[in-house]
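Computed from heavy atoms alone, side chains included, the values below leave out hydrogens, waters and symmetry copies. Counting starts at 1 for both ligands and their atoms, following the listed order. Everything quoted here is computed from the prediction, not taken from an experiment. Numbering starts at 1 and runs along the sequence shown.
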Amino acid sequence: MKVILLMAMTADGLTAKNSSEFVDWTEKEDKKIFVDVTKRSGAVIMGRNTYKTIEKPLKNRKNIVYSKSVKGEYPDQDLFYTSEKPELLLKKLETEGFKEVVLIGGSEINTLFARSNLIDELLLTLSPVFFGSGLTMFTDKIEFDLKLKEFNRIGSDSILIRYEILK
Ligand SMILES: NC(=O)c1ccc[n+]([C@@H]2O[C@H](COP(=O)([O-])OP(=O)(O)OC[C@H]3O[C@@H](n4cnc5c(N)ncnc54)[C@H](OP(=O)(O)O)[C@@H]3O)[C@@H](O)[C@H]2O)c1
């Protein structure tokens with residue numbers, strides 16, 4: 001099972017101004033990549049703060065939302081809350097036939113998966129904004145060595161960067 005971490009980042013390395021802000025500061029080409037990559041995989045994993053910002057399940061994708069306080073499964077909406085160990089969740093998704101899943105933030109859930117060394121690829125859009133302060137990709141000290149696989153200019157002022165995480 002391949003786990004792709006898909007995030008947009010400001011030019012000063014931030015991912016949000018705060019925990020409740022919807023990401024509306026990327027170019028439309030980044031939004032298209034988000035849709036293409038998540039639809040190709042068919043499954044997205046996110047934390048509940050991130051889910052609250054997007055407000056409804058992403059269509060035509062299995063939506064897995066990490067929460068300790070909210071439980072429930074809503075197959076009619078393709079929405080599943082979970083608090084299980086990431087390794088177990090990935091095994092379950094594999095038995096359901098998924099070959100890759102996309103981790104779409106935020107910082108807490110990224111950290112949960114990174115601590116278990118489960119992220120295989122980072123797909124980052126460096127966006128033409130600067131916040132000065134805010135959230136970063138992880139909430140804790142996380143160290144990776146990366147291999148640059150690809151970078152492309154997208155839209156008018158953004159860069160899409162794909163790194164493999166070396167394990
Ligand atoms: N730039 C980007 O590409 C990007 C992408 C995604 C998100 N974001 C931004 O990031 C911000 C949200 O990030 P965040 O770090 O505050 O929150 P988050 O990671 O989205 O969600 C945190 C929540 O996940 C649940 N959780 C955490 N650890 C858990 C565990 N071990 N087991 C089960 N549930 C667990 C808890 O939910 P409960 O409180 O319900 O227990 C916790 O409050 C938003 O502003 C969002 O817009 C940016």
Side-chain angles (χ1 to χ4, degrees), residues 3-41 43-58 61-74 77 79-93 101-119 121-142 144 146 151-152 154-155 157-163 165:
V3 179
I4 300 170
L5 174 57
L6 178 62
M7 296 292 287
M9 200 168 78
T10 67
D12 54 344
L14 302 173
T15 55
K17 286 181 186 155
N18 56 59
S19 280
S20 54
E21 185 214 49
F22 178 63
V23 176
D24 60 358
W25 38 268
T26 63
E27 294 191 74
K28 66 176 189 304
E29 290 78 4
D30 174 67
K31 295 179 177 73
K32 182 178 178 329
I33 287 162
F34 180 94
V35 171
D36 289 349
V37 172
T38 56
K39 284 197 170 164
R40 183 186 71 197
S41 128
V44 292
I45 301 172
M46 70 194 100
R48 193 165 75 96
N49 289 349
T50 296
Y51 183 64
K52 283 194 275 188
T53 71
I54 62 177
E55 295 177 334
K56 52 181 188 294
L58 301 173
R61 281 147 286 183
K62 182 173 185 128
N63 291 252
I64 298 146
V65 178
Y66 263 89
S67 173
K68 289 177 187 163
S69 59
V70 181
K71 301 197 182 326
E73 303 205 333
Y74 307 89
Q77 297 173 62
L79 172 63
F80 303 85
Y81 287 93
T82 189
S83 59
E84 67 194 330
K85 282 211 165 81
E87 292 88 340
L88 293 179
L89 171 69
L90 295 178
K91 282 219 169 72
K92 228 185 252 178
L93 291 170
V101 293
V102 188
L103 188 59
I104 58 167
S107 319
E108 284 190 35
I109 293 312
N110 294 347
T111 306
L112 184 68
F113 277 71
R115 277 200 195 114
S116 300
N117 208 17
L118 294 171
I119 306 172
E121 187 173 294
L122 270 184
L123 203 48
L124 294 180
T125 302
L126 195 61
S127 299
V129 285
F130 208 90
F131 290 165
S133 70
L135 303 189
T136 54
M137 198 117 48
F138 300 103
T139 55
D140 201 357
K141 188 177 172 200
I142 297 290
F144 291 134
L146 304 172
F151 62 96
N152 289 304
I154 61 164
D157 300 294
S158 301
I159 305 171
L160 179 71
I161 311 167
R162 189 160 68 84
Y163 287 113
I165 295 187

Proximity flag Tyr81 to ligand 1, non-hydrogen atoms under 4.0 Å
no
Ligand-residue contact atoms, ligand 1 with Leu112, heavy atoms, under 4.0 Å
31 (N)
Which residue owns the protein heavy atom closest to atom 8 (N) of ligand 1, what's the atom, and how far is it?
Val23 CG2, 4.1 Å
Check for a donor-acceptor pair, side chain of Glu108 on one end and backbone N or O of Gly47 on the other, with a separation under 3.5 Å.
no
Can you sort out which atoms of ligand 1 are near Ser83, meaning under 4.0 Å from one of its heavy atoms?
33 (C)
Below 4.0 angstrom from a heavy atom of Ser20, which ligand 1 atoms are there? Numbered from 1 as shown, please.
45 (O)
Distance from atom 42 (C) of ligand 1 to nearest protein heavy atom, with residue and atom
Glu108 OE1, 3.4 Å
Atom 30 (C) of ligand 1 - nearest protein heavy atom and its distance:
Lys68 CE, 3.5 Å
Give yes if a backbone or side-chain nitrogen or oxygen of Ile109 is under 3.5 Å from a nitrogen or oxygen of ligand 1, and no if not.
yes
Could you check whether any side-chain N or O of Asp12 sits under 3.5 Å from a backbone N or O of Gly132, counting only pairs where one atom can act as donor and the other as acceptor?
yes
Write down the atom of Thr136, the atom of Phe138, and the distance for their closest heavy-atom approach.
OG1-O, 3.0 Å
Between ligand 1 and Glu21, is the shortest N or O to N or O distance under 3.5 Å?
yes
Sorted by chain and residue number, the side chain to side chain donor-acceptor pair (under 3.5 Å) partners of Ser20 (sequence neighbours excluded) come out as Asn18
Kindly say whether Thr139 contributes a backbone atom to a donor-acceptor pair with the side chain of Thr111 at under 3.5 angstrom?
yes
Verify whether one side chain among Thr26 and Ser127 offers a donor that lies under 3.5 Å from an acceptor in the other.
no
Minimum heavy-atom separation for Glu84 to Leu89, with atom names?
OE2-CD1, 3.6 Å
Against heavy atoms of Leu135, which atoms of ligand 1 measure under 4.0 Å?
10 (O), 11 (C), 13 (O)
Within the structure, does Leu6 bring an N/O atom to less than 3.5 angstrom of an N/O atom in ligand 1?
no
Heavy-atom donor-acceptor pair, Asp157 side chain to Gly155 backbone, under 3.5 Å:
no
Which residue and atom name correspond to the protein heavy atom nearest atom 6 (C) of ligand 1, and how close is it?
Ile104 O, 2.8 Å
Hey, could you give me the CG/CG distance between Leu103 and Leu5, rounded to the nearest 0.5 Å?
5.0 Å
So, do Tyr163 and Phe144 sit near enough that their side-chain heavy atoms are less than 4.5 Å apart?
no
Heavy-atom side-chain contact between Arg61 and Ile104 under 4.5 Å:
no
Using heavy atoms and a threshold below 4.0 Å, how should the contact between Trp25 and ligand 1 be classified: side chain, backbone, both, or neither?
side chain
Residue selection (non-hydrogen contact nearest atom 39 (O) of ligand 1) among Ser69, Ala8, Gly134:
Ser69
the protein heavy atom lying closest to atom 7 (C) of ligand 1 turns out to be Thr50 OG1, 3.2 Å
Quick note on ligand 1: atoms under 4.0 Å from a heavy atom of Ala16 include exactly 9 (C), 45 (O)
heavy-atom search around atom 44 (C) of ligand 1 in the protein gives Ser19 O, 3.3 Å
Just need the protein heavy atom nearest to atom 18 (P) of ligand 1, so name the residue and atom and give the distance.
Gly106 N, 3.6 Å
Quick test: of every protein heavy atom, which one is nearest to atom 4 (C) of ligand 1, and how far off is it to 0.1 Å?
Met7 CE, 3.5 Å
Does ligand 1 have an atom that lies less than 4.0 angstrom from a heavy atom of Asn18?
yes
When you look at NZ of Lys28, are more than 12 heavy atoms from neighbouring residues, nucleotides or ligands closer to it than 6.0 Å?
no
May I ask you to test the Phe34-Val102 pair for a side-chain heavy-atom distance under 4.5 Å?
no
Below the 3.5 angstrom mark, is there an N/O of Ser107, backbone or side chain, next to an N/O of ligand 1?
yes
